[in-house]
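I have placed the structure first, in the form of structure tokens, so that the comments after it can refer back to it.
Quick note on labels: first sequence line is chain A, next is B, and so on, each numbered from 1.
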Protein chains: 2
Amino acid sequence: MTHMSPKIPCKQCPLRATGAFSANTDSEIEFIEHMKKREISVGAGSSILREGDDRKELFTLLSGWAFRYRTLSDGRRQIFNFLLPGDFIGLQHQLDARHPHGVETLTESTLCVFPSDRLWDLYRTHPALGFDITWLTANEELIVDENLLSVGRRSATERIAMLMIHLYKRAERLGMVEPDGLRLPLNQQHIADALGLSLVHTNKTLKRLNAAGLYTLKDGRLKLVNPAAMARLADYYALPLRPRPLI
Amino acid sequence: MTHMSPKIPCKQCPLRATGAFSANTDSEIEFIEHMKKREISVGAGSSILREGDDRKELFTLLSGWAFRYRTLSDGRRQIFNFLLPGDFIGLQHQLDARHPHGVETLTESTLCVFPSDRLWDLYRTHPALGFDITWLTANEELIVDENLLSVGRRSATERIAMLMIHLYKRAERLGMVEPDGLRLPLNQQHIADALGLSLVHTNKTLKRLNAAGLYTLKDGRLKLVNPAAMARLADYYALPLRPRPLI
DNA sequence: GGAGGGCAATGTAGTAAGACATAGCCGCGA
DNA sequence: TCGCGGCTATGTCTTACTACATTGCCCTCC
């Protein structure tokens, strides 16, 4: 399932070509490339990190979709966030001997793997990269805040509208939206677990939103028919599009 | 309401005396002290940051309680987290021109104020402090994750149990628990807004937990009668007690 | 071609939680 | 001493959401 891939040189990183990420100096990119231990490719539904793991590694999702979650001891699961290319994984690990959450892929994915014991070197020799890592962490927190607002205070309909528009915008920025829509690899159980809803209620609410003509979903391709109405429904406020760091 | 206080030298910071925080070198403490622009004291219910603010400042809560929240345009409010002494405020601001959330005090509080344009200097000249800031950010995210798990997947009873034990443990670590219990400056509306519940339902659930003998709350003093039962109810997992950074 | 698994759709019934209204308590200030 | 505002308490009614059960569709695998 998991296997090593030939290591793509960071200088030719396909993500950097999208324009969504901020530039780095040659020295910084060399450092990242040197720190990058290997690259792995995994299938859909693979576990990258398990809850309670003590693996000391950091990852950058290079391609594919994944999600971060945690389960209660009786099996109830909450998805914290969905991960898209460029997202950084594993920092929480610094806080505890074990990983507080799990990470699982939704599609075939490739990931860059970094040993976490090089992290301190990174801060010491390239403070700008250290700053970038803080940025990425703060950004992740911002998204979780937003999800908490959804789950805590939005209705089921609003939550789904919010999730759709939010994922759509994030993917759009990475150039993942194609003419026939966005390939959305979530099933209804994922949506339910991300939004704190039951599977059945998610299904019914999705149908209602669909019947209202707000979106179409054919063969896993999502199209927002009326993004403005969707955004209004969700009380969505878009952050300005600025290049973001990439490690 | 807000007024400047005489600046406490960081070396004699009362928080450092609690033992809950990790040590810093003299040079680091000098840098922090130099970066600290001023100190402010505010009353209970003061707004430190408003949603949408464009103030470019960072804060450390030196004493008192506060909370971080956001409101939807129709007024529904979600509290993301409660802030205790030592918590760092304002980093999200780096991501956008405006502050995505508000911060309000629950008690009289004092805060250290740092200009955010010194932040880059901090990373450059004291990488270990940069690392600490990442740590604090990741830690905040961890707590929000936990809250999202509560609001998304725990029952009302479990949510309240979780909130109580979580706040209790955090406060305990800072030496804020006194023989007659912990001074808890939240009202039921705060609890409701943090847990995604209505005020009425919060009230009834509190009463039930109280009747079950799990806690007592007299004159704002919280005591956990049976912390183990509370923890079991909440499926609570405590992070190991390690010293944490302080800026 | 049939069995089986993963997923969406739908009906029914039950319940946890919300909405609304009201009342009591307490501290505070005029 | 009275009224007022902030907070907790409680009752009743409603509903959004969950739990459970079933059906149907589309794959894939033998």
Q: Mind checking the CG-SG spacing from L62(A) to C13(A)? Nearest 0.5 Å is all I need.
A: 5.0 Å
Q: Tell me which of V200(A) and R159(A) sits closer to the 5' end of DNA chain D, going by the nucleotide each one is nearest to.
A: R159(A)
Q. Taking for each residue the nucleotide of DNA chain D with the nearest heavy atom, is it H190(B) or K204(B) whose nucleotide lies nearer the 5' end?
A. H190(B)
Q) Quick one: are the ring centres of F67(A) and H190(A) less than 6.0 Å apart? A) yes
Rounded to the Å, how far apart are [X] [atom1] and [N] [atom2]?
X: L195(A); N: dA16(D); atom1: CG; atom2: C1'; answer: 15 Å
X: R153(B); N: dA17(C); atom1: CZ; atom2: P; answer: 13 Å
X: E158(A); N: dA16(D); atom1: CD; atom2: P; answer: 12 Å
X: R154(A); N: dA16(D); atom1: CZ; atom2: P; answer: 19 Å
X: R208(B); N: dA9(D); atom1: CZ; atom2: P; answer: 13 Å
X: L209(A); N: dA9(C); atom1: CG; atom2: P; answer: 13 Å
X: L199(B); N: dT22(C); atom1: CG; atom2: P; answer: 17 Å
X: D193(B); N: dC7(D); atom1: CG; atom2: C1'; answer: 14 Å

Q. Counting side-chain heavy atoms from CB outward, which of dA17(C), dC17(D), dA19(C) is closest to H201(A)?
A. dC17(D)
Q: Indicate whether the side chain of S63(A) and that of T110(A) have a donor and an acceptor atom separated by less than 3.5 Å.
A: yes
Q: Could you label the plane-to-plane angle of the F114(B) and F88(B) rings as parallel, tilted or perpendicular, counting under 30° as parallel and over 60° as perpendicular?
A: tilted
Q. Is R153(A) salt-bridged to D193(B), going by a charged N under 4.0 Å from an acidic O?
A. yes
Q) At under 4.0 Å, does any side-chain N or O of Q188(B) touch on OP1 or OP2 of dG6(D)? A) no
Q. Are any of N203(B)'s side-chain N or O atoms less than 4.0 Å away from OP1 or OP2 of dA9(D)?
A. yes
[X] near the nucleic acid: base, sugar-phosphate alone, or nothing, with a heavy-atom cut-off under 4.0 Å?
X: K207(B); answer: sugar-phosphate
X: L206(B); answer: nothing
X: G196(A); answer: sugar-phosphate

Q: Report the residue (L186(A) or L197(B)) whose heavy-atom-nearest nucleotide on DNA chain C is the more 5′ of the two.
A: L186(A)
